[in-house]
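Written below as C-alpha cells is the structure these notes are about.
For this chain, numbers begin at 1 and follow the sequence in order.
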Amino acid sequence: MSMINGTRLYDHLTRLGRIGFVPKEGTTRLPYTPAYDEGRIYVQQCMEQAGLQTSVDPVGNLIGTLPGQGEIICIGSHIDTVPGGGIYDGTYGVLSGIECVQRLKELGYQNRHPIQVIAFTEEEGNVIGGTFGSKAFTGGEIDEAMRPNLALHGLTMEQVGACRGLTLHPKKISGLRRYLELHIEQGGVLEAERMQIGVVDGIVGIVRYRMTVSGCANHAGSTPMHLRDDALVKACRIITQLMERTEAASPDMVCTVGTLQVFPGAVNVIPGKVEFIVELRNPTMEPMDQVIDSVLKEHPELVGEEYIRQSPTQCSSKLIKLSETLCRNSGIRFRRMFSGAGHDLMNWGKAVPSMLLFIPSKDGISHSIREYSAPEDLYQGAELLMEMVQALDQEEGKL
C-alpha cells in the first residue's frame, strides 16, 4: 500500500494553522469564537473532500463518517488551541485521520467497518474545561466547575446529554471497535533518543495539593536569625525535599511547584505563612501518595489539602502490541512511554480499547509558536495510523 499524500497533509496543517494566527504570537483558536468556527468549517470541507459524511453535535464536535457495517473505528483529536499556540497540537491527529481515509479511498480500498474522524471541541480547557468535547461525546462526567461556563456560551446540560445520541445510542459506546489518537509528543524524549514513534502505554495520573506552611511574622530588622520562624525558609526546604523524594521514588514521576504566595508579603516583614500548590504526575497513584504522606508526616507545620485526583488511563494492551508489530515490520524506531499530558483519549480509554501514538516534537516544545515537527515525522505517523486502521478493519470478530 502506498504512503499517504504528505504534501496534502502538510498543506492542510499549514492552512488550518493560519486561521487565528497572529505574527510573533502564534495561533489562537478558542472554541465558540469566530476563529474556531472558521477553522471547523475548513476541517469540515477537508472531511467532505475525503468522502466523509459530516455533522456537528450540540456542543460543537465535528464528526466525519465513512459508512460501513458493524463496529466503528474512530480516529480523534482536537482543533482548538491554547492562546498563542502552535499549528500541530491536536490538529495533526485530526488532519492525519482525514488523510488516511482519503488516501485509502484513492487507492481503491473498500472498508468493511465504519470509520469516523472526530474533531473534538475544547480539549485545551481554556473556555469550559479540559477535554469537554470528548467528555460530552463519551458520556463522561461534566465537572461542577464546568457547568457555570456552559451558560456563558449558550449551552445546557441537555445539549451535552444529547451528544452521544447523534452518533451512538446511549450506553452502546462499547459498540465502537477501537479509538485511535495520533499526536505530537509535546516533550523531548523521542527526539533525544532519536526515535520515530512513541507507543504510549497510557496517560499518567495526577494529584494536586494546596500546601500551607506556618511560621511567625515579625520585624525583619530587629529579629536575629536564630530567633526567627520564617515560613518561606521552611517552605523552600520542604519543596526541595519534595523534589528529592520524587526523584528517588520513580524515574517516571514528576513534581512541580509553579505557584507560591508569601504572607504578609512585605519586604521588611519575616514571612509568617506561605501557600503553594504541588502537582505530582506518575503512571501509578501509590508512589505519589507515598511522597506526599511522608512529607506531611515529617513536617507538622505543613498542612496539605488535596483538590485534584485523576487516575491514570491505560491504553489497550492488544493495540499496543499491534502498534509494536507494525513498527517492527516497517523498520520504525519506537519506544514505549507514558504521556505526561492529558488528551481526549482519557475519556475514550474508560469506555473502549484505545491507543495513543506520538511523533517527535522539535526541542520538546509545544503550546507555543515555536512548536514544530519535521515533515518526515508527520508523514511517518500518519502512515502508521493508516496501517493500524487497515489492520483493525480487516480483523475478523473482536480483538
Electrostatic pair [X]-[Y], nearest N-O below 4.0 angstrom:
X    : Y    : value
R245 : E247 : no
R103 : E106 : yes
D11  : R15  : yes
D201 : R336 : yes
R210 : E275 : no
K135 : E123 : no

If you round to the nearest 0.5 Å, how far is [atom2] of [Y] from [atom1] of [X]?
X    : Y    : atom1 : atom2 : value
E48  : I98  : CD    : CD1   : 10.0 Å
S361 : H183 : OG    : NE2   : 9.0 Å
E298 : D293 : CD    : CG    : 12.5 Å
E99  : C46  : CD    : SG    : 10.0 Å
E387 : C327 : CD    : SG    : 8.5 Å

Under the 6.0 Å and 45° cation-pi test, does K273 pair with F263? yes
Those residues that, when tested against R309, pass salt bridge (charged side-chain N to carboxylate O under 4.0 Å, His left out) (two or more places apart): D289, E306
Identified side-chain hydrogen bond (donor to acceptor under 3.5 Å, both in side chains) counterpart of S134 within the set N61, D344, T121: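 Going through N61, D344, T121 one by one, the side-chain hydrogen bond (donor to acceptor under 3.5 Å, both in side chains) with S134 is satisfied by D344 alone.
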